[in-house]
Amino acid sequence: MSPSPPYHGPAVRRAVPLLALGALVASSLALAAPPAQAAETLLSQGRPATASSQEGDGYAPSAAVDGNLTGTRWASRWSDPQWFQVDLGQRSDLSRVVLTWEGAYGRSYRIQASDDGTDWRTLQTVTGSDGGTDELAVTGSGRYVRMLGTERSGGYGYSLWEFQVYGSTDGTPPATGAVEVTGSQGNWQLTVGGQPYTVKGLTWGPAIADAPKYLPDVKSMGVNTIRTWGTDGGTKPLLDSAAANGLKVVNGFWLQPGGGPGSGGCVNYVTDTAYKNTMLTEFAKWVEAYRNHPATLMWNVGNESVLGLQNCYSGAELEAQRNAYTGFVNDVAKKIHSIDPDHPVTSTDAWTGAWPYYQRNAPDLDLYSMNSYGDICGVREDWEQGGYTKPYLITEGGPAGEWEVPDDANGVPDEPTDVQKAEGYTKAWNCVTGHRGVALGATLFHYGTEHDFGGIWFNLLPDGLKRLSYYAVKRAYTATAGNDNTPPVVSGLAVSPASSAPAGGEFTVRADVRDPDGDPITYKIFLSGNYANGDKRLVEASWRSTGNGTFAVRAPEKLGVWKVYLQAEDGRGNAGIETKSVKVVAPPVTGTNVALNKPTTASSFQPSYGDCPCEPAKATDGRADTRWASDWSDPQWIQVDLGSATPVRKLQLVWDPAYAKSYEVHISDNGTAWRTIYSTTTGNGDIDTIDVAATARHVRLHLTARGTGWGYSLHEFGIYG
């Protein structure tokens with residue numbers, strides 16, 4: 001199962017890291033190499049590397065440990081100080097560090113080592129370097145080795161073709177050991193190998209194949225854990241990459257109906273023994289496969305299914321199913337413990353109302369887990385009032401979701417701003433850490449790169465661009481803002497006219513955009529049809545700048561409520577993204593709609609399907625939310641009796657997605673003899689505005705070729721005199 005998350009439903013609560021070393025001064029570019037040591041090896045190549053900053057996507061820290069001396073490089077931002085570090089994976093005896101500089105080199109810097117990536121000791125101090133290759137003899141040990149640049153050679157940053165660390169391992173393996181929930185009521189602690197462990201995590205979104213690319217960045221944020229929703233035969237490369245970066249994984253197992261409201265897959269947990277046996281066997285196989293993997297932190301059985309069962313059952317049967325589901329979760333927990341006694345088992349839901357079911361039916365769970373967003377601080381309140389006797393982990397959390405914000409003037413959820421979303425992550429972490437001895441940490445949502453409707457709402461780096469929320473999580477986990485170059489801040493975004501943008505016409509977008517680092521800003525504008533046609537993709541709009549933070553944007557042809565996104569990029573890998581809705585309406589037509597509420601007939605109509613009945617009169621009632629719909633066959637017709645001979649100069653056809661590709665406009669004086677005044681074979685739906693010059697009592701659309709597999713469907717058949 002893919003680790004990419006499905007839809008995540010609402011988090012409803014109630015209702016529903018000592019050796020003293022002398023500093024040495026290097027006074028030449030290339031210092032003499034020490035005598036060869038028998039066990040000396042290159043320790044750094046291919047290891048996870050991080051840095052205080054990078055100049056852009058093409059200059060990542062990993063490029064300085066990839067073995068390519070002249071083709072790839074790391075480059076920092078243009079300021080002091082900066083640092084570059086590599087994680088050797090385990091504590092090692094160090095003998096040499098070789099720095100191959102690009103033209104932008106460090107004139108003064110320190111080589112430092114650490115056992116935990118936090119407490120650093122200086123092995124070598126260099127002043128007066130003139131670039132090229134610096135080969136430095138060092139004495140000491142450590143797992144982490146870094147170059148701390150204090151003085152650049154010029155106006156650029158620091159740039160390394162390669163950073164090579166030589167030495168030998170001391171035989172000490174990476175920190176591992178049994179994972180346990182220890183302590184007593186209200187004073188619990190998660191431990192790994194007997195050492196306290198607070199989960200500072202993110203849910204994992206990129207493809208497993210991209211883990212070597214992204215996990216060093218995840219590590220640089222202060223993250224120690226990632227969460228997945230599914231575990232199977234394809235999981236091992238992700239676990240391997242996590243372990244190589246010193247990260248742990250909450251391994252998920254998916255059960256239907258996962259994902260809370262809106263998810264599918266109904267299982268009868270009371271009677272479906274075959275499904276339960278299949279899942280139990282499948283989960284046991286992967287627990288056996290990965291129980292000894294150094295990245296495994298715990299097992300998580302199910303995701304939001306207690307809440308999600310309401311999509312399948314109601315009343316007494318819903319209660320029976322929730323009891324049976326949580327009982328089955330307990331069966332899985334017992335089975336996992338029999339195979340792997342060294343890692344805890346939990347289960348996630350999106351509703352603290354699920355906890356009584358776990359308390360009653362799943363005593364073998366070691367801890368509970370909860371997905372909660374805007375109401376995350378309420379989880380503590382509910383835990384205290386519920387008298388629970390197990391700690392919990394927040395397995396998803398962040399800014400308020402689509403399901404818990406008020407609607408805007410166009411009737412769609414009013415998405416929080418980037419500033420508000422960043423504040424949401426800060427609030428979430430404060431709520432977790434505030435519940436000391438009970439909340440064991442969190443895997444916040446979401447380290448994802450998708451650049452679509454959901455990606456803009458929740459992803460820390462959509463399309464690889466870091467947002468304010470990315471830095472909020474980094475500050476929460478590292479307790480420092482550092483010297484990061486941060487994104488542009490967009491404020492005061494407004495759309496005009498917000499509720500009456502003419503289809504195919506232009507509307508205005510205005511915003512105040514400031515970059516905290518003074519970087520030049522470039523813009524992109526996107527549209528999403530999520531609310532108009534269900535398409536969650538972001539498509540770049542046709543737009544032009546009109547100056548002073550104002551843009552003219554071409555509206556879609558399709559009617560409905562659209563999301564418009566202003567994306568401001570700083571050229572440093574950061575972006576500020578804000579969004580508002582815009583309601584696209586039919587372009588106004590001057591004159592009177594002489595067809596309004598006039599007698600309307602058709603060859604057929606659908607009496608019952610979706611929003612039907614869809615009678616012919618609904619195409620001439622002046623409402624955009626009703627429609628006529630025909631049978632699913634060709635040909636069909638719809639006609640209007642204007643009551644008397646009437647001048648007709650324009651028609652406006654507002655199509656539902658079921659449109660006509662080919663059709664003719666006929667007129668008649670008596671409803672029997674018809675003449676053609678317009679025809680097309682290239683209809684594409686949306687809105688057709690047709691100029692005509694005629695006088696007639698009867699006007700008919702003769703529809704000969706459908707544009708879809710459905711019938712024909714019109715929201716409005718407007719005739720203007």
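Since we're looking at a predicted model, the values are computed, not measured.
- Q112 is not listed as a side-chain neighbour of W83, based on a closest heavy-atom distance of 4.5 Å or more.
- A side-chain N or O of D134 and one of Y109 form a donor-acceptor pair less than 3.5 Å apart.
- Between N251 and W286, the side chains place no donor N or O within less than 3.5 Å of an acceptor N or O (distance only, hydrogens not considered).
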Worksheet item: Passes side-chain contact (heavy atoms from CB on, under 4.5 Å), I394 versus M370? Steps please.
Response: CA-CA 5 Å; I394 294 295; M370 177 60 51; 4.1 Å; yes
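- Counting all heavy atoms, side chain and backbone alike, E569 lies closest to A575 at CG-CB, 4.2 Å.
- Two residues are said to be in side-chain contact when any heavy atoms from C-beta on lie closer than 4.5 Å; V473 and Y447 fail this criterion.
- Just one of V165, V98, V145, V97 meets the side chain to side chain contact (heavy atoms under 4.5 Å, CB included) condition when paired with S44; it is V165.
- Nearest approach of R467 to P462, heavy atoms of both residues: CD-CD, 3.3 Å.
- At least one donor-acceptor pair closer than 3.5 Å links the side chain of K427 to the backbone N or O of G374.
- By the 4.5 Å heavy-atom criterion applied to side chains, P487 and Y471 are counted as neighbours.
- Side-chain atoms of Y197 and T225 form a donor-acceptor pair, as typed in the model, at a separation below 3.5 Å.
- Using a distance-only test at 3.5 Å, with no hydrogens or angles considered, no donor-acceptor pair links the side chain of K248 to the main chain of A243.
- Checked by atom type, the side-chain pair H293/D240 shows a donor-acceptor distance below 3.5 Å.
- Across E162 and L69, no two heavy atoms sit closer than the pair CB-CD2, 3.5 Å.
- Side-chain contact, T182 with T191: no donor N or O sits under 3.5 Å from an acceptor N or O.
- With hydrogens and angles disregarded, a donor-acceptor distance shorter than 3.5 Å links the side chain of S92 to the backbone of Q90.
- Partner of K466 under the salt bridge (charged side-chain N to carboxylate O under 4.0 Å, His left out) criterion, chosen from D570, D418, D57, D217: D217.
- In this structure the side chain of W229 reaches within 4.5 angstrom of the side chain of T203, judged on heavy atoms.
- At a cut-off of 3.5 Å, with distance as the only test, a side-chain donor of S53 or Q82 sits close to an acceptor on the other residue.
- Residues passing the salt bridge (charged side-chain N to carboxylate O under 4.0 Å, His left out) test with R47, sequence neighbours excluded: none.
- When every heavy atom of T296 is checked against every heavy atom of Y290, the shortest pair comes out as OG1-O, 2.9 Å.
- Formation of a donor-acceptor pair under 3.5 Å by the Q54 side chain with backbone atoms of W74 is not found in this model.
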Worksheet entry | L202/M221 under side-chain contact (heavy atoms from CB on, under 4.5 Å): CA gap, chis, key distance, verdict | CA-CA 10 Å; L202 287 172; M221 297 174 68; 4.0 Å; yes
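- Side-chain contact between W457 and P416 is present, with at least one heavy-atom pair separated by less than 4.5 Å.
- Between Y392 and R380, some side-chain heavy-atom pair lies under the 4.5 Å cut-off.
- At least one donor-acceptor pair closer than 3.5 Å links the side chain of S153 to the backbone N or O of Y105.
- Using a 30° and 60° split on the angle between ring planes, W101 and Y158 fall in the tilted class, from 30° to 60°.
- A donor-acceptor contact shorter than 3.5 Å links the side chain of S95 to the backbone of Y166.
- Not one N or O on the side chain of W120 forms a donor-acceptor pair closer than 3.5 Å with the backbone of I111.
- No side-chain N or O of T417 forms a donor-acceptor pair with one of E578 less than 3.5 Å apart.
- Side-chain contact check for V181 versus L190: some heavy-atom pair is nearer than 4.5 Å.
- Salt bridge annotation for K219-D87: absent, with no cationic side-chain nitrogen under 4.0 angstrom from a carboxylate oxygen.
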Discussion item. Assess the residue pair W204 and V218 against the criterion (side-chain contact (heavy atoms from CB on, under 4.5 Å)); give the C-alpha distance rounded to whole Å, side-chain angles, the decisive distance to 0.1 Å, and a yes or no.
Written reply: CA-CA 10 Å; W204 173 252; V218 174; 4.2 Å; yes
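- In this structure, Y523 places its OH atom where more than 12 heavy-atom neighbours from other residues, nucleotides or ligands lie under 6.0 Å away.
- For the pair R572 and W78, the cation-pi criterion (under 6.0 Å, within 45° of the ring axis) is fulfilled.
- Between the CZ atom of F526 and the CG atom of L566 there is a distance of 10.0 Å, given to the nearest 0.5 Å.
- T346 approaches S369 most closely through the heavy-atom pair OG1-OG, 2.8 Å.
- Counting only residues at least two apart or in different chains, salt bridge (Lys or Arg N to Asp or Glu O under 4.0 Å) contacts with residues 66-82 comprise R73-E102, D80-R152.
- Judged by distance alone, with hydrogens and angles left aside, the side-chain atoms of Y156 form no donor-acceptor pair with the main-chain N or O of S76 at under 3.5 Å.
- In this structure, a donor-acceptor pair under 3.5 Å is present between the side chains of T395 and N371.
- For Y425 (side chain) and F445 (main-chain N/O), a donor-acceptor pair under 3.5 Å exists by modelled atom type.
- Between the side chain of T100 and the backbone N or O of W161 there is no donor-acceptor pair closer than 3.5 Å.
- Side-chain contact between T348 and R227 is present, with heavy atoms from C-beta onward closer than 4.5 Å.
- Closest non-hydrogen pair, G201 versus N224, comes out as N-OD1, 4.4 Å.
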